[in-house]
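Letters A, B, ... are given to chains in the order of the sequence lines, protein chains preceding strands, and every chain is numbered from 1. Values below: every heavy atom of this structure, side chains too, minus hydrogens, waters and symmetry copies.
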Amino acid sequence: MLEGEIHSHLLPDFIIERREDRCIRCRVCERQCGFNVHWYDEETDSMKEDEMKCVGCQRCVVMCPTKALIVKPYPGDYRANANWTKERILDLKKQAETGGVLLTGTGNDKPFRIYWDHIVLNASQVTNPSIDPLREPMELRTFLGRKPDKLEIEFNGDLDDVEIKTELSPNVMIETPIVFSAMSYGAISYQAFKALAMAANEYGTLFNTGEGGLPRELRKYGKNAIVQCASGRFGVDPEYLNCAAVIEIKIGQGAKPGIGGHLPGEKVTEPISITRMIPEGTDALSPAPQHDIYSIEDLSMLIYALKEATDYEKPVCVKIAAVHNAAAIASGMVRAGADIIALDGLRGGTGAAPKIIRDNVGIPIEMALASVDQRLREEGIRNKASILVAGGFRCSADIVKAIALGADAVYIGTAALVAMGCTLCQKCHTGICNWGICTQDPNLAKRLNPEIAKKRLVNLLRAWSLEIKEMLGGMGINAIESLRGNREHLRGVGLEDWELEVLGIKGAGE
Amino acid sequence: MMRRVVAKPEVCVGCHLCEIWCVVAHSTSKDVIKAFLYERDGNHPRITVEENLPETLAINCRHCDEPECMASCISGAIYKDEEGRVLHNPEKCVKCYSCVMSCPYGAIVISENGDIFKCDLCKDLEYPYCVRFCPNDALELVEDSEKGVLG
Amino acid sequence: MRYSIGGFRDLFLEGVRSVKELKHRVVLEGEVAEVDAKGLSHKELNDLTRYAVIQGAKKVIMKNVFGQRYIGTRLYFPNPKKKIEIEIHGFPGNDLGAFLDGHKVIVYGNAQDGVGNTMDDGEIIVHGRAGDVVAMSMRGGRILIRDDVGYRTAIHMKEYKEKVPVLVIGGTAQDFFGEYMAGGRVILLGLNLGNKPHRARYIGTGMHGGIMYIRGKVEQWQLGKEVGMVDMDEGDWKLLEKHITDFSNEFGFNADEILGGKFLKLKPVTKRPYGKIYAY
Amino acid sequence: MKYDYVIIGNSAGGIGCAEAIREVDRESSLAIISAEKYRTYSRALIPYYLDGRIDEEKMYYRPEDFYEKIDAEAHLGVKVERVNVDSKEVELESGEKLGFNKLLIATGGKPFIPPMEGLKNQKNAFTFLSFDDVLRVKEACENSDKVVVLGGGIIGLMVAEVLSRKGLEVKVVELLERVLAPVVDETVSRIVQRKFEENGVEMILGDTISKVSGEEEIQSVTLRSGRKIETDMLVIAVGVIPNVDVVKGTSIKINRGIVVNRKMETSAKDIYACGDCAEVYDSILGSYRVLPLWPIAYSGGRVAGFNMCGVERELIFATAMNAMHFFDYYIITGGLNLRDGERDFEVISEIEGENYRKVVLKDGEILGFIVGGEVRRAGILMKLMREKLNVSSFKESLVKSSFGFLDIPKEFRWELLGDKVKIGVVREV
Amino acid sequence: MRRRVVLPDKDHHACGLFGVMDRSGKRFSGEMVVKAMKNMRVRGNGLGAGFAAYGIYPEYKDYYALHVMYQDWDEEAKREVDRFLDLNFDVVHTEEIPVNLEARVSDPPLFWRYFVAPSKKGDEKKLSDDDYVVKKVMEINTGIKNAYVISSGKDMGVFKGVGFPEEIAEYFMLESEYKGYIWVAHSRFPTNTPGWWGGAHPFCILDWTVVHNGEISSYGTNKRYLEMYGYYCTLLTDTEVMAYAVDLLMRKQGLPIEIVSKIFASPMWDHIDIMDEKKKKFYTTLRMVYAPLLINGPWTIIVARHGEMFGITDRIRLRPITSGEKGDILFISSEESAIRAVSPELDSVFTPMGGEPVIGRLKKEEKKIEEKVSEVIEGA
């Protein structure tokens with residue numbers, strides 16, 4: 001035992017089965033494991049493994065040319081105890097051994113109710129026709145930004161020659177109501193970041209830079225970029241703001257409401273340091289609050305500072321974590337001048353967050369969205385801002401339901417990562433990502449070929465957009481705007497009264 | 001028609017699967033398990049993945065217009081076929097390693113037994129296996145319509 | 001309960017008049033424009049400033065400024081890059097020179113909160129005092145404040161390679177001075193303190209980059225856990241000499257006298273202040 | 001008879017030339033004249049043939065239908081008497097004259113036989129250069145027990161190795177103090193020497209044969225040192241000298257070999273020369289010299305061939321280069337081999353067991369290298385030498401056995417690999 | 001469809017504050033305070049503004065002036081309040097608060113004012129007048145639907161509603177109708193409760209008024225503590241607790257603001273730890289006893305009562321405050337420019353440290369209070 005070290009009592013998370021009759025000792029598993037699980041034993045001419053290190057990312061399994069590997073959860077367990085579960089015991093032991101705040105990556109994995117799974121969609125039968133989305137036009141084009149309550153139009157006698165007198169706020173157009181959510185270069189690899197940018201560009205939607213800045217050579221994707229101005233203000237310069245489609249003020253994140261972020265110094269490599277404009281090897285600390293925003297009127301101050309900095313040409317989005325008073329806060333945000341409000345729910349992802357925060361703070365996005373949309377409508381200001389929602393969207397049906405609840409578009413983060421290769425091993429915070437996504441280790445990062453990742457992302461957007469059209473067609477709707485806030489097309493199954501009430505939907509059969 | 005396998009080092013993941021599949025491509029069975037577990041007959045990958053982490057680079061025969069290896073081959077074992085592939089005839093090879101001396105890419109490989117191997121662009125297969133099975137598209141088969149220097 | 005909702009009222013833009021209506025308030029003579037800011041909202045004033053610059057003004061003099069925000073912010077001219085000088089007579093509002101893109105702003109009066117917020121480059125000179133969060137996330141350029149500053153000065157100030165922002169304060173500062181500081185050079189002179197010590201607490205808490213120079217008395221308990229006192233070297237004195245000389249010339253102090261004072265140099269003890277509190 | 005192209009010589013240089021001509025010009029007439037009766041074979045293969053590793057068929061460098069395929073008229077077993085520069089004709093032994101538009105002289109080399117007392121055409125004294133030579137040696141060794149090989153150079157040692165493996169008692173006599181002295185350094189010489197000694201070959205260094213005894217057959221040789229060695233065979237493999245007989249007395253300029261420029265043109269218009277008979281420009285040493293090496297002969301022929309049919313080419317790279325092996329110890333060398341005691345160069349070397357790597361640098365450029373034992377990828381060193389790259393920044397890695405492109409800094413690396421790699425696929429610059 | 005209304009239980013808002021006091025006691029119109037607030041328009045969003053003025057009812061200065069707001073112009077509520085007041089007070093004068101119907105405000109409720117003297121009965125006779133009034137105000141606020149007492153001090157009044165400050169001032173005609181020696185004003189930017197007239201600042205109990213900028217993160221703790229002492233928060237805003245806490249500590253328990261500020265914005269433990277023993281003991285005890293009244297979160301308040309106005313921020317000053325002096329006049333404001341807008345030349349301008357109050361007192365009472373303060377501190 002080294003001095004200061006504590007003998008570990010932890011159990012392995014995974015078990016590795018190697019089918020010897022298939023193993024050709026090619027050592028691909030060894031080379032592909034960033035956690036150093038596999039190794040070759042020359043003496044016995046066989047592959048060996050250290051299961052304590054395995055995170056279950058399945059990279060070795062996928063890469064093994066003979067499919068000789070099976071990685072599965074470690075079956076050993078403590079005496080059954082509904083209160084003291086294995087997870088609780090292991091977490092506690094880990095803290096007893098380290099004395100630290102437990103970190104984790106990705107979104108909340110706790111069994112909170114997923115309301116999407118308790119909401120069902122409608123379809124046309126007899127009384128009106130469903131529409132065939134394969135042959136008839138189906139429109140998903142969406143505009144994000146502030147809309148006026150009415151238009152003043154000047155007619156010049158000729159109806160073909162009309163002029164709009166109303167001064168319009170800037171809006172940004174997307175071809176599908178799916179936007180890539182904030183993932184910073186730093187949290188994710190350059191390769192992953194670039195893939196998102198390219199995919200957004202190719203499909204006509206937006207990606208979000210997160211708070212790590214936008215590398216100079218990617219500024220050509222600015223017209224597809226939502227650039228963040230977050231508490232750390234990394235890489236925020238006038239050009240960064242002006243090249244973007246949308247500027248987002250990040251107040252909070254669904255996975256860690258109220259918490260700042262630390263990009264540890266070892267991840268601040270040279271290219272990251274250039275982009276964030278901080279010295280190499282320095283911790284990139286994102287404070288918990290924006291230090292120029294301690295209250296709502298300060299938010300309006302920053303919103304308008306950004307509008308000033310960009311000559312009132314870009315919509316400004318404000319992103320908050322979905323918390324108890326989301327509806328009221330959202331109202332304040334709209335009144336403070338936000339053109340888009342982004343809500344990030346309880347199941348939103350993260351590159352690194354204290355586990356205790358991730359698993360216990362915030363509210364589900366379904367509830368936040370429903371109450372925000374409702375509140376803004378009650379106050380008559382729903383058109384003043386678009387609503388972007390985030391936090392665990394897993395399939396196109398979730399998106400359709402969100403739009404019917406009142407969202408303008410959704411942010412997908414984890415889904416995009418999974419499309420690129422992520423297997424939700426939840427080790428993002430370690431800086432080791434065997435899939436080359438959430439890492440700055442150049443050896444690992446190059447595993448993600450941006451071209452391939454882009455194709456996968458574009459395919460995902462395409463597939464989901466097609467499915468959305470299918471569902472719209474079934475409801476007899478051929479333009480996404482007719483679904484927005486159309487809660488008539490939703491019914492709850494297995495929900496309690498208060499839940500239906502917050503969601504503003506009827507129960508099935510009602 | 002010039003064909004060759006081009007490497008994209010920035011997305012090379014260093015898995016060495018190209019080497020594995022190269023062996024499979026030149027095995028009798030074309031089956032990865034059999035090729036390694038039952039057919040070990042001195043077959044050797046003809047592509048070499050250099051490693052100097054984090055950098056990795058797959059080096060393979062470039063099928064040069066005017067191959068130095070061919071110029072220096074004393075036995076006539078190395079030749080260029082009609083399709084521009086630079087091929088090696090092991091029957092004729094005397095293992096003098098003049099080709100090793102002159103290949104500027106180090107793309108002529110010497111097996112454990114001292115035999116010479118080099119890329120034949122999987123001439124008996126539909127497509128080079130190294131390219132086909134590269135998990136990250138780090139290898140690409142390019143075809144220049146442009147003929148050699150001499151047209 | 002029924003709420004009486006006042007409808008939507010845009011606090012910033014409601015009732016803003018167009019440049020057309022207001023342009024008579026800009027007097028352009030050669031490359032110098034003068035704007036009477038009296039009664040103008042911040043948008044109107046900044047509209048007029050931008051208008052004046054597009055008309056060819058290289059210097060804009062603002063009179064009767066009372067609380068208008070974001071002065072200098074809306075002057076992003078990438079191609080070709082323009083450098084404007086703004087002279088403010090009065091009391092500019094919050095976020096003076098936020099995201100400033102290399103211009104020079106001189107205030108004859110006091111400034112409020114957020115001076116030089118996320119400023120990129122340029123210079124801000126205040127002939128008076130300033131409020132809280134001065135130089136927040138500042139990334140380049142220089143700010144000179146003649147008198148005191150408020151809370152959280154230089155919070156999260158940054159630097160990158162040759163781009164090192166500088167803040168010089170003639171008076172004293174309040175708590176959380178240099179909090180989270182990640183780079184840059186901050187010089188606090190305490191000229192108005194006499195023999196009294198600085199009162200700021202939590203100086204440099206969370207600091208992980210940059211250097212602070214404090215002239216005057218500071219006790220150890222006033223410092224955050226993340227900073228340490230280090231000895232001055234020749235480079236430090238050279239830097240101080242340069243900026244204090246400029247400062248003195250600007251505001252009419254005696255540089256030698258200032259430089260004769262006792263300076264404390266504070267540096268972070270680590271670039272990674274919070275590396276050890278997490279379990280992986 | 002008149003041809004567009006006439007090539008004298010049927011080995012590497014001649015074939016290189018013929019193949020190059022046919023890459024450009026498939027129409028014109030082409031004749032290849034060889035004094036030997038065999039179709040093109042590889043002289044370099046004769047030790048392998050002697051060894052029995054290859055049969056006669058494999059001695060042939062190109063397939064049987066080669067001349068047909070390249071549409072060349074082969075005049076085999078035909079000796080050229082002289083080249084007539086002015087009339088553009090070659091005069092054959094038979095008196096026949098063949099006209100040409102362009103001529104390549106690739107007559108190769110002939111064995112150098114040092115003077116020794118008593119040497120005449122004894123039956124069991126052999127040179128070792130041609131197919132005929134090897135056939136004779138092969139036959140003779142079947143009935144011999146002892147052999148003396150004169151010459152500790154590459155050919156001498158190769159013969160010695162083969163004969164030793166065939167069970168003969170072999171003694172190698174080398175004038176210098178170490179074997180292979182012109183091509184390798186002391187370290188490798190000693191390794192090779194040890195290899196032979198371990199295999200029962202006696203290495204007699206710093207000595208030479210001053211006298212041979214025996215009339216029909218040599219019975220014994222006497223060394224300069226006075227030692228007398230009984231032997232059944234004497235193989236003389238001291239070296240080759242350019243065979244310039246056909247141009248002797250013509251206007252074509254000859255130094256040690258036929259003088260050519262980098263386009264392989266001789267001093268006479270439309271007449272080219274290459275291979276062991278010519279003196280080429282050593283691009284590493286910066287001087288003209290005879291480089292009797294297979295790859296240079298072939299490349300030289302090729303360059304000549306292109307020039308002969310109007311495609312301008314130069315032999316850009318030529319220098320000493322050798323790949324050799326003795327008792328499975330492989331050696332690859334290139335460029336300058338430092339003379340013992342020479343000091344004006346930077347030398348970096350590393351030895352691990354018998355694996356040896358050494359580079360000789362001047363002003364950051366590689367002037368020569370020796371790789372012994374593990375020789376994988378030695379061609380990269382050749383390439384670096386050829387490109388005259390300044391290797392100072394990574395010179396230490398040159399002598400690692402794992403040396404590869406990743407040891408070369410990026411700015412050079414991608415240039416060396418050219419468009420054979422795609423870079424910038426991730427991050428645009 | 002079922003509907004259930006879940007009322008949010010506190011307000012989050014942020015605002016512009018302004019207070020001005022003539023320490024000589026000279027009264028002046030509302031013009032100055034309105035001008036200052038107009039300068040800080042961007043600190044509010046038009047969903048609330050309000051004013052408190054002291055010294056405005058000299059003719060009724062011995063009577064409690066109750067400003068009562070009737071939500072939705074609820075006649076029934078008014079009848080009930082009238083009955084309640086008749087029963088519990090001697091009502092000497094009553095009238096509708098005069099308003100300017102031209103002003104740009106939306107959906108104003110009905111405002112009446114009542115000048116009253118307590119008419120205590122039975123056990124309530126033991127209560128002081130002030131305590132009696134507080135009790136009755138609470139009874140109206142919690143017991144009578146749609147009626148809210150928004151102001152209950154003597155010779156002072158609160159005027160507030162939904163709109164930008166200048167609009168509310170115009171509605172209540174503050175520039176022409178009233179003269180006071182202290183004016184406190186507030187411009188509101190609510191987030192949690194939509195703007196409603198009752199939710200506007202200032203909050204008032206007796207002659208204590210509070211305007212607040214920020215959010216009280218400890219609201220739940222503070223509120224439930226105050227409830228034990230009979231203060232009920234009915235106005236859906238966290239500012240209310242400040243008013244009640246001030247009433248409890250300053251009026252009922254007689255602590256000066258110099259001490260109260262150390263309860264609301266107590267020193268950090270790491271600073272208490274390095275104090276001398278006596279101080280350490282004092283502050284430790286103060287924090288221990290009054291822990292539930294530590295006001296956490298970002299806030300600045302301006303509190304006024306007759307003869308006294310002070311401004312204070314939270315202990316790490318998350319909200320701004322600036323104070324300025326010109327002759328006898330003391331200004332406290334969120335932004336200096338607002339002060340400068342009404343008094344460009346100042347004798348001094350400064351920003352106190354977090355948790356350190358800026359105090360203005362009538363000159364004639366200054367000495368008396370200061371003596372009392374030192375008495376308390378010495379006694380600690």
Side-chain angles (χ1 to χ4, degrees), chain A residues 94-95 97-103 149 229 231-234 236-239 241-242 262 264-266 268 273-274 276-279 281-285 287 290-292 297-298 300-312 334-337 352 354 378-381 384 427 429-430, chain C residues 3 5 7-13 42-43 46 50 69-70 72-76 78 93-95 98-102 113-114 117-118 120-121 132-133 136-140 152 155-156 158-161 163 176 179-180 182-183 206 208-209 268 270-280:
Chain A
K94 198 184 279 179
Q95 292 190 290
E97 287 166 16
T98 61
V101 174
L102 288 179
L103 280 187
D149 286 331
C229 177
S231 62
R233 300 286 157 87
F234 297 113
V236 179
D237 64 24
E239 188 199 297
L241 297 173
N242 278 284
H262 297 170
E266 63 253 31
V268 182
S273 95
I274 294 169
R276 297 207 170 202
M277 302 167 187
I278 51 168
T282 311
D283 269 2
L285 303 182
Q290 304 234 5
H291 280 289
D292 48 0
E297 93 263 2
D298 286 353
S300 71
M301 184 158 84
L302 183 60
I303 290 174
Y304 281 90
L306 291 167
K307 290 187 176 184
E308 282 281 336
T310 54
D311 204 17
Y312 293 84
V334 176
R335 293 176 185 280
E378 279 169 13
E379 293 189 25
I381 56 175
K384 296 291 172 197
K427 294 291 169 193
H429 59 289
T430 62
Chain C
Y3 301 133
I5 295 166
F8 185 82
R9 308 283 298 275
D10 194 314
L11 64 165
F12 276 89
L13 301 182
H42 82 272
K43 170 113 180 353
N46 293 332
R50 195 177 165 86
R69 293 178 175 181
Y70 320 121
T73 298
R74 193 134 46 95
L75 296 175
Y76 172 66
N94 293 355
D95 273 358
F99 304 107
L100 193 69
D101 192 27
D113 299 345
N117 186 349
T118 323
D120 194 55
D121 201 1
D132 293 347
V133 289
M136 158 163 166
S137 281
M138 181 181 179
R139 307 198 316 101
R152 297 182 177 80
I155 188 165
H156 219 302
K158 301 180 177 60
E159 70 182 59
Y160 180 67
K161 293 199 170 156
K163 217 164 170 180
F176 302 103
E179 185 181 11
Y180 264 120
H208 54 290
T270 167
K271 282 158 105 183
R272 309 232 18 225
Y274 304 105
K276 290 206 175 86
I277 68 161
Y278 296 107
Y280 288 87

* Structure fact -> Assert top hit (heavy-atom pairs under 4.5 Å, partner chain A, pool C/Val133, C/Leu75, C/Asn117, C/Asp132) equals C/Asn117
* Contacting region of A/Val334 [heavy-atom separation from chain C under 4.5 Å] -> both
* To the nearest 0.5 Å, what is the distance between OG1 (C/Thr118) and CG (A/Leu302)? -> 7.5 Å
* **Side chain to side chain, A/His429 and C/Tyr278, heavy atoms closer than 4.5 Å** => no
* Asked: Where the side chain of C/His156 meets the backbone of A/Leu285, is there a donor-acceptor pair that is under 3.5 Å apart?
  -> yes
* Asked: Is any side-chain heavy atom of C/Phe8 closer than 4.5 Å to a side-chain heavy atom of A/Glu379?
  -> no
* **Pick from C/Ile155, C/Thr270, C/Asp113, C/Asp121 with the largest number of heavy-atom pairs that fall under 4.5 Å of chain A** => C/Ile155
* Asked: Honestly, is A/Lys307 close enough over C/Tyr70, meaning NZ or CZ under 6.0 Å from the six-membered ring centre and within 45° of the axis?
  -> no
* Quick one: SG on A/Cys229 to CZ on C/Phe99, what's the gap to the nearest 0.5 Å? -> 4.5 Å
* **Side-chain donor/acceptor of C/Lys158 to backbone N/O of A/Gly232, under 3.5 Å** => yes
* Does A/Val236 offer a backbone N or O that forms a donor-acceptor pair with the side chain of C/Arg139 under 3.5 Å? -> yes
* Nearest 0.5 Å please: distance from the CG atom of A/Asp311 over to the CG atom of C/Asn46. => 10.0 Å
* **Separation of A/His262 NE2 from C/Ile277 CD1 (nearest 0.5 Å)** => 6.5 Å
* Asked: Using a cut-off of under 4.5 Å for heavy-atom pairs, which of C/His42, C/Arg50, C/Lys161, C/Met136 has the most such pairs with chain A?
  -> C/Met136
* Asked: Roughly how far, to the nearest 0.5 Å, is OH of A/Tyr304 from CG of C/Leu13?
  -> 4.0 Å
